[in-house]
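Reviewing the structure listed below.
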Amino acid sequence: MKLMRYGEPGRERPALVDAQGRVRDLSGVMTDITAQTLTPEGLEALRRLDVQALPVVEAPGRVAPPWTGMGKFVCVGLNYSDHAAEAGMPVPKEPILFLKPNDCVVGANDPIVLPQGSLKSDWEVELGVVIGRTARYVSPHEALQHVAGYCVVNDLSEREYQLDRGGQWDKGKGCETFGPVGPWLVTADEVADPQALDLWLDLNGQPRQRGNTRTMVFGVAQLISYISHFMTLRPGDLISTGTPPGVGMGAKPPRFLREGDELRLGISGLGTQHQRVHAWKAALLRD
């Protein structure tokens with residue numbers, strides 16, 4: 001299944017995308033797509049629905065984040081060796097973990113608003129892994145059994161805040177609008193192999209990032225297992241698994257985001273995102 005939500009902030013409605021690519025409204029059978037929806041029991045209830053009986057949404061408008069109730073937004077740094085090289089950093093011996101605050105999450109096509117005075121905001125297309133079953137100290141062999149589905153993530157980063165101002169990476173990762181997620185949550189049964197997915201990102205129509213999840217330093221199963229030894233993963237939690245090469249920081253000379261830039265990015269089978277970059281403007285942010 002491809003699960004999604006649509007509508008303006010605070011008025012989102014649940015939906016799924018059928019085999020013909022049509023949006024089908026779910027609000028007649030559920031209030032919203034929540035963390036509980038993503039459990040094995042919740043997904044099984046959705047699978048029993050007669051999709052053809054659900055109303056078609058002809059003009060869904062804004063695409064919202066695909067679920068609500070995300071508990072943790074866990075990110076992995078330098079998880080592609082060629083990205084580590086362009087960043088001038090060694091390939092890590094263990095996964096580098098950091099957290100993004102949940103209130104940076106926006107819809108796949110929502111505006112990106114640069115922080116006040118930002119000069120080094122950057123893009124990062126990443127595979128998102130959505131947890132559907134509580135995971136504590138799981139083995140790599142068991143790890144994928146805890147996945148509800150997968151999605152596209154743009155792990156936007158302010159590099160000055162992240163790298164030049166000391167402390168933890170989190171300060172460059174949590175700016176408002178710096179976490180576009182979606183357009184869909186694609187359930188795990190539709191992704192035969194999470195280590196065989198193409199990722200891409202274009203800036204103003206020009207190719208920037210091209211990669212495949214097979215070149216991850218630590219694969220999805222390894223990451224779930226590793227993270228579950230440091231924190232409990234629960235339904236609705238999101239793991240963003242790192243980015244391939246081609247970020248602005250790695251260009252020669254570096255190229256960072258400016259007002260008016262347009263980003264298009266996607267992952268095979270998981271959909272695409274399209275964002276326009278804006279200078280700081282509080283009116284574009286959610287209260």
Side-chain angles (χ1 to χ4, degrees), residues 1-71 73 102-112 127-133 147-154 176-177 179-192 194 197 234-238 240 263-276 284-287:
M1 291 180 291
K2 294 180 175 69
L3 302 178
M4 64 172 290
R5 297 162 70 241
Y6 68 98
E8 294 308 307
R11 299 194 298 275
E12 294 92 343
R13 296 167 68 94
L16 58 77
V17 180
D18 68 18
Q20 292 73 44
R22 293 172 297 195
V23 176
R24 299 275 186 166
D25 188 85
L26 285 169
S27 58
V29 296
M30 61 171 50
T31 303
D32 208 343
I33 297 172
T34 67
Q36 186 60 35
T37 310
L38 306 180
T39 65
E41 298 77 15
L43 293 178
E44 182 56 33
L46 285 177
R47 292 189 182 97
R48 292 196 295 265
L49 294 176
D50 178 2
V51 173
Q52 300 306 310
L54 298 171
V56 174
V57 183
E58 298 292 351
R62 173 183 177 258
V63 177
W67 75 101
T68 187
M70 182 188 302
F73 191 162
N102 296 354
D103 62 3
C104 78
V105 173
V106 292
N109 307 322
D110 283 348
I112 292 170
L127 172 65
V129 180
V130 187
I131 300 298
R133 191 193 305 260
V147 176
Y150 301 92
C151 61
V152 182
V153 175
N154 190 355
E176 289 187 80
T177 75
V181 175
W184 315 314
L185 184 159
V186 179
T187 53
D189 57 300
E190 290 201 16
V191 179
L197 301 175
R234 303 183 187 277
D237 288 352
L238 175 63
S240 199
L263 292 169
R264 290 187 182 272
L265 57 146
I267 301 176
S268 52
L270 304 185
T272 61
Q273 300 184 357
H274 175 206
Q275 296 126 18
R276 187 173 182 86
L284 292 172
L285 304 174
R286 294 171 294 171
D287 289 334

**Prompt:** Is there a donor-acceptor contact under 3.5 Å linking the side chains of Q52 and R24?
**Reply:**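 R24 and Q52 do have a side-chain donor-acceptor pair below 3.5 Å.
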
**Prompt:** Just by distance, with hydrogens left out, do Q273 and N109 show a side-chain donor and acceptor under 3.5 Å apart?
**Reply:**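 Short answer, no.
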
**Request:** Inspect the contact between R47 and D189 and indicate whether a charged nitrogen and a carboxylate oxygen are less than 4.0 angstrom apart.
**Result:**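 Yes, D189 and R47 are salt-bridged.
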
Is any side-chain heavy atom of [Y] closer than 4.5 Å to one of [X]?
X: V152; Y: V181; value: no
X: Q275; Y: L265; value: yes
X: R286; Y: P9; value: yes
X: V147; Y: V130; value: no
X: V29; Y: L49; value: yes
X: L43; Y: M1; value: yes
X: V17; Y: R22; value: no
X: T39; Y: R133; value: no

**Message:** Tell me whether E190 at atom CD has more than 12 heavy atoms from other residues, nucleotides or ligands lying less than 6.0 Å away.
**Reply:**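 Atom CD in E190 is packed in, count exceeds 12.
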
**Prompt:** Distance-only, no hydrogens or angles: does the N102 side chain make a donor-acceptor pair with backbone N or O of M70 under 3.5 Å?
**Reply:**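 Yes.
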
**Request:** With P14 as reference, evaluate T34, T31, I33 under the side-chain contact (heavy atoms from CB on, under 4.5 Å) test and give the passing residue.
**Result:**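 So the option named by the test is I33.
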
**Prompt:** Stepwise, does the side-chain contact (heavy atoms from CB on, under 4.5 Å) test hold for V56 with D18?
**Reply:** CA-CA 9 Å; V56 174; D18 68 18; 5.5 Å; no

Does [X] have any side chain to side chain donor-acceptor pair (under 3.5 Å) partners at least two apart in sequence or in another chain, and if so, which?
X: R13; result: Y6, D25, S27
X: S240; result: E126
X: E44; result: none

**Request:** Measure the CH2-CG distance between W184 and L3 for me, rounded to the nearest 0.5 Å.
**Result:**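 Rounded to the nearest 0.5 Å, the CH2-CG separation comes out at 11.5 Å.
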
**Message:** Nearest 0.5 Å, please: how far is OH in Y150 from OG1 in T187?
**Reply:**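 So the gap between those two atoms works out to 10.5 Å.
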
**Message:** Tell me which pairs pass salt bridge (charged side-chain N to carboxylate O under 4.0 Å, His left out) where either residue lies in residues 52-69, with sequence neighbours left out.
**Reply:**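 Passing the test, one end in residues 52-69: E12-R62, R62-D110.
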
**Request:** Not counting sequence neighbours, list each pair that qualifies as a salt bridge (charged side-chain N to carboxylate O under 4.0 Å, His left out) and has a residue in residues 26-43.
**Result:**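 Salt bridge (charged side-chain N to carboxylate O under 4.0 Å, His left out) check on residues 26-43 returns R5-D32.
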
**Request:** Evaluate the criterion side-chain contact (heavy atoms from CB on, under 4.5 Å) for residue pair W67 and T37; output intermediate values, then yes/no.
**Result:** CA-CA 9 Å; W67 75 101; T37 310; over 6 Å; no

Exercise: identify the closest heavy-atom pair between [X] and [Y]:
X: P66; Y: L185; answer: CB-N, 3.6 Å
X: T272; Y: A108; answer: O-CB, 4.5 Å
X: C151; Y: L238; answer: SG-CD1, 3.9 Å
X: L270; Y: P183; answer: O-CD, 3.8 Å
X: L38; Y: A148; answer: O-CB, 3.4 Å
X: G132; Y: P235; answer: O-CG, 3.6 Å

**Prompt:** Can you name the salt bridge (Lys or Arg N to Asp or Glu O under 4.0 Å) partners of R234, sequence neighbours left out?
**Reply:**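 For R234, no residue satisfies salt bridge (Lys or Arg N to Asp or Glu O under 4.0 Å) once neighbours in sequence are set aside.
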
